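Being a predicted model, the structure only gives us computed values, none of them experimental. Just so you know, residue 1 is the first one in the sequence shown, and it goes up from there.
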Amino acid sequence: MADTEQARAHDRGETDPKLMEMLVCPLTKGPLRYDPSTRELISKKAGLAYAVIDGVPVMLPDEARVIDPSPDD
C-alpha cells in the first residue's frame, strides 16, 4: 500500500492490511481472520473475536467477544 493510501485508510479508521497479516491470536498464536462486517479479528481456534476500534486492534483476551465455533469459518 502506498503511503498516501495508508494515510487515507488511517483517516477512514481502517487498519493497515500489512499489520493485519502480521497479527496472531495472543492466546493460541494462531491466525486471525478479519471480518469487515463486525470490524473484528476472529480467532477460530480460541473462539474469540477481537475488536478493531478506529483502526486499532484490541488484542486483549479479556476484552474479546466469545464466539460460537462454526464449521464454515
Side-chain angles (χ1 to χ4, degrees):
M1 185 182 288
D3 288 336
T4 55
E5 289 178 60
Q6 285 178 329
R8 277 184 261 155
H10 181 267
D11 291 343
R12 291 189 306 263
E14 297 174 5
T15 301
D16 182 353
K18 291 179 185 177
L19 171 64
M20 295 294 219
E21 290 175 16
M22 292 187 285
L23 293 174
V24 296
C25 175
L27 292 178
T28 68
K29 308 300 185 236
L32 297 168
R33 179 185 53 84
Y34 181 67
D35 182 347
S37 66
T38 60
R39 294 185 191 155
E40 295 175 317
L41 290 166
I42 308 298
S43 172
K44 183 177 175 186
K45 190 173 180 181
L48 295 173
Y50 299 96
V52 178
I53 301 171
D54 293 329
V56 178
V58 180
M59 303 300 295
L60 302 169
D62 291 344
E63 302 272 329
R65 180 174 66 85
V66 177
I67 58 172
D68 290 325
S70 115
D72 304 19
D73 292 338

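- Shown here are the side-chain contact (heavy atoms from CB on, under 4.5 Å) partners of Glu63, two or more places apart in sequence or in another chain: Val58, Leu60.
- Using a 4.5 Å heavy-atom cutoff, the side chains of Ser43 and Leu27 are not in contact.
- With sequence neighbours excluded, the residues that form a side-chain contact (heavy atoms from CB on, under 4.5 Å) with Pro26 are Tyr50, Met59, Pro61.
- Thr38 pairs by the side-chain contact (heavy atoms from CB on, under 4.5 Å) definition with Asp35, Glu40, not counting sequence neighbours.
- From Met22, atom CE reaches atom CG of Leu32 across 12.5 Å, with rounding to the nearest 0.5 Å.
- In this structure, the separation between CG on Leu48 and CD1 on Ile67 is 7.0 Å, given to the nearest 0.5 Å.
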